[in-house]
Amino acid sequence: MKLETLPEDIYQKLVAAKTFRAGTLNLRQLRFATVDLELHAKYVPGGSESIYCADQRVSRRTQVLPPHPEDKFFASFSHIFAGGYAAGYYSYMWAEVLSADAFSAFEDVGLENEKAVKETGQRFRETVLALGGGKAPLEVFVLFRSRELSPEALLRHHGLLSVTISA
């Protein structure tokens with residue numbers, strides 16, 4: 001069997017496919033999280049707005065295409081009604097932001113730099129892992145990264161920001 005190198009144009013198509021619709025998928029998560037918070041923080045049962053109207057309002061702000069008037073996705077959104085995530089769906093995306101930004105500390109020092117990666121890992125261990133729930137999560141994160149949280153790494157990992165490669 002003869003092994004051949006994948007042609008560059010095919011490789012570039014595979015790379016492009018990796019991030020295809022990444023923005024749409026992020027907006028979908030934002031819709032779910034926002035409508036969850038809206039229903040638990042602002043919605044008034046029996047008030048002038050139905051849960052479906054609230055969803056339509058949120059969807060107009062978070063979706064590329066306008067929602068279909070008959071869209072009743074709540075019928076299958078069991079996370080917030082029966083799944084124990086009431087007013088907590090946002091934690092999916094929040095966890096992704098934390099994870100990506102924490103991993104970017106390792107990227108920043110250079111993943112091939114074994115000494116720097118080990119030092120960063122030790123700092124992660126002494127802050128995030130050691131302090132755990134003993135301090136407020138943002139406070140622990142700031143101790144690890146020496147700055148507040150940023151969504152930039154998540155957007156970069158999803159292909160929504162360009163990657164800067166240093167020489």
Side-chain angles (χ1 to χ4, degrees), residues 6 8 11-43 51 54-55 57-64 73-74 76-167:
L6 192 64
E8 183 65 21
Y11 172 75
Q12 290 304 326
K13 287 178 182 178
L14 288 171
V15 169
K18 178 183 173 190
T19 58
F20 179 69
R21 296 201 56 197
T24 304
L25 293 172
N26 276 281
L27 287 173
R28 177 181 180 269
Q29 290 301 102
L30 284 173
R31 173 194 178 191
F32 291 174
T34 303
V35 78
D36 178 26
L37 290 171
E38 286 273 332
L39 290 179
H40 287 90
K42 297 179 181 175
Y43 176 70
I51 61 170
D55 177 46
R57 181 172 40 77
V58 168
S59 294
R60 284 191 292 275
R61 292 190 338 249
T62 59
Q63 302 300 284
V64 175
F73 104 96
F74 280 133
S76 64
F77 195 27
S78 61
H79 281 73
I80 66 171
F81 296 112
Y85 283 91
Y89 193 88
Y90 73 92
S91 65
Y92 280 122
M93 189 161 260
W94 181 245
E96 278 193 86
V97 171
L98 284 165
S99 172
D101 202 2
F103 182 70
S104 73
F106 295 89
E107 293 174 318
D108 291 349
V109 300
L111 295 174
E112 68 291 333
N113 184 338
E114 192 174 322
K115 182 178 185 279
V117 166
K118 188 174 183 176
E119 290 168 357
T120 303
Q122 186 63 38
R123 193 171 72 251
F124 182 79
R125 182 180 188 180
E126 292 169 356
T127 55
V128 176
L129 298 179
L131 299 174
K135 288 184 180 262
L138 184 57
E139 188 179 339
V140 172
F141 187 86
V142 169
L143 287 171
F144 171 59
R145 291 293 277 144
S146 301
R147 63 165 173 76
E148 289 205 2
L149 190 63
S150 168
E152 185 175 311
L154 178 68
L155 295 173
R156 186 171 32 81
H157 290 171
H158 284 185
L160 298 171
L161 287 181
S162 59
V163 177
T164 305
I165 300 174
S166 56

K.L.:
Does this structure show an ion pair linking Glu119 with Lys115, if we count only N-O contacts that are shorter than 4.0 Å?
P.N.:
yes
K.L.:
Is the count of non-hydrogen atoms from other residues, nucleotides or ligands lying under 6.0 Å from Glu152 atom CD greater than 12?
P.N.:
no
K.L.:
Would you list the atom pairs, donor with acceptor, under 3.5 Å between side chains in residues 130-144 and any protein atom, with sequence neighbours excluded?
P.N.:
from   : atom 1 : to     : atom 2 : distance (Å)
Lys135 : NZ     : Glu139 : OE2    : 3.3

K.L.:
How far apart are the closest heavy atoms of Val58 and Val35, and which atoms are they?
P.N.:
CG1-N, 4.0 Å
K.L.:
Rounded at 0.5 Å granularity, tell me how far CG in Leu129 sits from CD in Gln122.
P.N.:
10.0 Å
K.L.:
Write down the atom of Leu39, the atom of Ala54, and the distance for their closest heavy-atom approach.
P.N.:
CD2-CB, 4.2 Å
K.L.:
Out of curiosity, Ser104 OG to Arg156 CZ, how far, rounded to the nearest 0.5 Å?
P.N.:
6.0 Å
K.L.:
Heavy atoms only: give me the nearest Asn26-Leu160 pair and the separation to one decimal.
P.N.:
ND2-CD1, 3.5 Å
K.L.:
Find the distance between NZ (Lys42) and CZ (Arg57) and round it off to the nearest 0.5 Å.
P.N.:
7.0 Å
K.L.:
Using 0.5 Å steps for rounding, measure from the CG atom of Asn113 to the CZ atom of Phe106.
P.N.:
12.0 Å
K.L.:
Give, for atom CZ of Arg31 and atom CZ of Phe73, the distance between the pair rounded to the nearest 0.5 Å.
P.N.:
4.5 Å
K.L.:
Could you check if a side-chain atom of Tyr43 sits within less than 4.5 angstrom of a side-chain atom of Ile51, using non-hydrogen atoms only?
P.N.:
yes
K.L.:
Is it the case that atom CD in Glu114 sees more than 12 heavy atoms from other parts of the structure closer than 6.0 Å?
P.N.:
no
K.L.:
Looking only at heavy atoms, which two atoms of Asp101 and Ser150 are closest? And how far apart?
P.N.:
OD2-N, 2.9 Å
K.L.:
How far apart are the closest heavy atoms of Ala102 and Phe124, and which atoms are they?
P.N.:
CB-CE1, 4.3 Å
K.L.:
Supply the atom-to-atom distance Thr120 OG1 to Phe103 CZ, rounded to the nearest 0.5 angstrom.
P.N.:
11.0 Å
K.L.:
Flag the pair Asp108 / Arg145 as yes when at least one side-chain heavy-atom distance between them is below 4.5 Å, and no otherwise.
P.N.:
yes
K.L.:
Which atoms form the tightest heavy-atom contact between His158 and Thr19, and what is the distance?
P.N.:
O-CG2, 3.4 Å
K.L.:
Would Phe77 and Tyr89 count as a close aromatic pair, with their ring centres under 6.0 Å?
P.N.:
yes
K.L.:
Would you say the side-chain atoms of Ser99 pair up with the backbone N or O of Ala95, donor to acceptor, closer than 3.5 Å?
P.N.:
no
